[in-house]
Amino acid sequence: MAKIQKVWAVEILDSRANPTVECAIQLDSGAVAVASVPSGASTGTHEALELRDNDPERFKGKGVVKAVTNVNQVLGPAIVGMDPTDQDGVDNRLKGLDSTPNKSKLGANAILSVSLANAKAASIANNFAPYKWVNQLAQRKGIVVQTLKVPTPVFNMINGGLHGAGNLDFQEFFVIPASSKKFSDGLREGAEIYLSIGENLKRRGAIHSVGDEGGYAPNLFTNADALEILVETIKQTPYAIGRDVFLGLDVAASHFFNGNAYSIRDKSAPVEENGMLDYYRELNGTYHLAILEDPLNEDSWSGWKNITQTLGAEVLIVGDDLLATNPQRVQKATAEHACNAILVKPNQIGTVTETLEVIKMARDANWKIIISHRSGETNDWFIADFGVGVGADYAKFGAPARGERVAKYNRLSSIEVELSLANQNA
Ligand code: PGA
Ligand code: ZN
């Protein structure tokens, strides 16, 4: 049996120049596993707490020295001597030390860094590829994955909302390759379309710098204009919408909801829920959306139920801020049929084990699973292995550009080849 010998943490930078936590776990064999945690900008109210120092003298208050200290002095010492392959045991110990419902005492960033590093350490101890090890953990939770395969990528081509330049309200405009395609073909399509969008924006004299997730952050008039750019661009490529690729949106609507109505550039005055629902029906009529994430405010349960009832047969209605990878919220949403797909972000809940438990609940409700990065990322690619191991349907890792995004897509490319070689040898 392998044993955890030493645990330490480091304050590193994420892709937005903000600090985040990296954790290293050394096993008694001497092997070291390292993992880091991402960070959101459009965080849901119901997420576990990301512990920041709030010391204005350092990193504009965003330092994570307290979280690093919590790993070094509290969480790490408590798991020394434990067997890393007992992920449940390790995560329960970590959770128990915090004992708050939202991990506000020690910080979900501190706790998740240890939980992730432990899963990586266990894969090393077992001599398993990380995705195979995650699959073992998933099986222990009753998650059935018929055949290991690489999820369909969801490329975020245009960035608005809190990730963009400021003039688009919707946060993410997706191009999604057909699920029947090989990952490598979908990745190539995504990359070629991405480059063509850049050329198109340049031709129009629109800003073509990029936002937080690597998608372009153009200065357009309306959100629908961004969808139009995607359609126009794809027409100039060999690919066809509805055959090779599909469109989608992460609206992240909580961020332009004022408690009563939604303010978007497409409408001259703020619109109430019914107006938004009508607008989504209209957009879906024109663009045949495959994915519609966070179309409404995170606590507008009746509206969510309504949109899932009316559009859910054609469109994946995805809960991100609505669900916050939180078991209680997922339970409520399954009971109320508030959505039909979940965006899974381990740092919204804070441990590998709880993330797996949420995935099991979502699978039992027959929901689609989208595994997701955050807008603030590191080059850690473990989330790619996690997505394969749990049998996720989709992987949303941003644009097919920028190091911290392609670290994950490239990992999926490697896994696809590894899986096909394993099948040839079987
Ligand atoms: P975030 O954005 O990481 O800033 O929360 C991603 C998303 O909303 O899906
Ligand atoms: Zn989202």
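Residue numbers run from 1 in the order of the sequence given. When a ligand or atom number is given, it counts from 1 through the structure's own listing order. What you see is a predicted model, and the numbers here were worked out from it, not measured in a lab.
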Quiz item: So, Glu172 and the Zn ion (ligand 2): N/O/S under 2.8 Å, yes or no?
Solution: no

Quiz item: Given Gln348, which of Thr43, Leu343, Asp320 fulfils the side-chain contact (heavy atoms from CB on, under 4.5 Å) condition?
Solution: Asp320

Quiz item: Counting only heavy atoms, which portion of Asp250 has something under 4.0 Å from ligand 1: side chain, backbone, both, or neither?
Solution: side chain

Quiz prompt | Protein heavy atom at shortest distance from atom 1 (P) of ligand 1 | solution = Ser375 OG, 3.4 Å

Quiz item: In terms of residue, atom name and distance, what is the protein heavy atom nearest to atom 7 (C) of ligand 1?
Solution: Lys345 NZ, 3.1 Å

Self-check item: For Asp320, the ligand 1 atoms whose distance to one of its heavy atoms is below 4.0 Å
Solution: 7 (C), 8 (O), 9 (O)

Quiz item: Just which atoms of ligand 1 are under 4.0 Å from any heavy atom in Glu213?
Solution: 2 (O), 6 (C)

Practice problem: Quick one: report the N, O or S atom of Asp250 that is nearest to the Zn ion (ligand 2). | Solution: OD2

Quiz item: Can you tell me how far CG of Asn223 sits from CZ of Phe173, rounded to the nearest 0.5 angstrom?
Solution: 4.5 Å

Quiz item: Nearest to atom 8 (O) of ligand 1, what protein heavy atom do you find, and at what distance?
Solution: Gln171 NE2, 2.8 Å

Quiz item: Using heavy atoms and a threshold below 4.0 Å, how should the contact between Leu343 and ligand 1 be classified: side chain, backbone, both, or neither?
Solution: side chain

Exercise. Taking only heavy atoms of Gly40 into account, list the atoms of ligand 1 that are under 4.0 Å away from them.
Key: 1 (P), 3 (O), 4 (O), 5 (O)

Quiz item: Which heavy atom of the protein is the closest neighbour of atom 9 (O) of ligand 1, given with residue, atom name and distance?
Solution: Lys396 NZ, 2.7 Å

Quiz prompt | N-O pairing of Glu418 and Lys132 below 4.0 Å | solution = no

Quiz prompt | Contact summary for Leu51 and Ala67, nearest pair of heavy atoms | solution = CD2-N, 4.0 Å

Exercise. State, yes or no, whether a side-chain contact exists between Pro177 and Pro153 at a heavy-atom distance under 4.5 Å.
Key: yes

Exercise. Run the salt-bridge test on Arg363 and Asp393 with the 4.0 Å N-O cut-off and return the result as yes or no.
Key: yes

Quiz item: Can you give the angle Glu293 OE2 - the Zn ion (ligand 2) - Asp320 OD2, rounded to 10°?
Solution: 100°

Practice problem: Before accepting this row, confirm whether a basic side-chain N of the pair Lys95/Asp98 lies closer than 4.0 Å to the acidic partner's carboxylate O. | Solution: no

Self-check item: Over 12 foreign heavy atoms within 6.0 Å of NZ, Lys141
Solution: yes

Quiz prompt | atom 2 (O) of ligand 1: the protein heavy-atom neighbour that sits closest, reported with distance to 0.1 Å | solution = His163 CE1, 3.1 Å

Quiz item: What is the closest protein heavy atom to atom 5 (O) of ligand 1, and at what distance does it sit?
Solution: Arg374 NH2, 2.7 Å

Quiz item: With the threshold set at 4.0 Å, does a side-chain nitrogen-carboxylate oxygen contact exist between Asp14 and Lys62?
Solution: no

Self-check item: Lys103 with Glu354: basic N within carboxylate O range, under 4.0 Å
Solution: yes

Quiz item: Does a side-chain N-to-carboxylate-O contact under 4.0 Å join Lys181 and Asp244?
Solution: yes

Quiz prompt | Numbered atoms and elements of ligand 1 in range of Glu293, under 4.0 angstrom, heavy atoms | solution = 9 (O)

Quiz prompt | Proximity flag Ser42 to ligand 1, non-hydrogen atoms under 4.0 Å | solution = yes

Practice problem: Can you sort out which atoms of ligand 1 are near Glu172, meaning under 4.0 Å from one of its heavy atoms? | Solution: 6 (C), 7 (C), 8 (O), 9 (O)

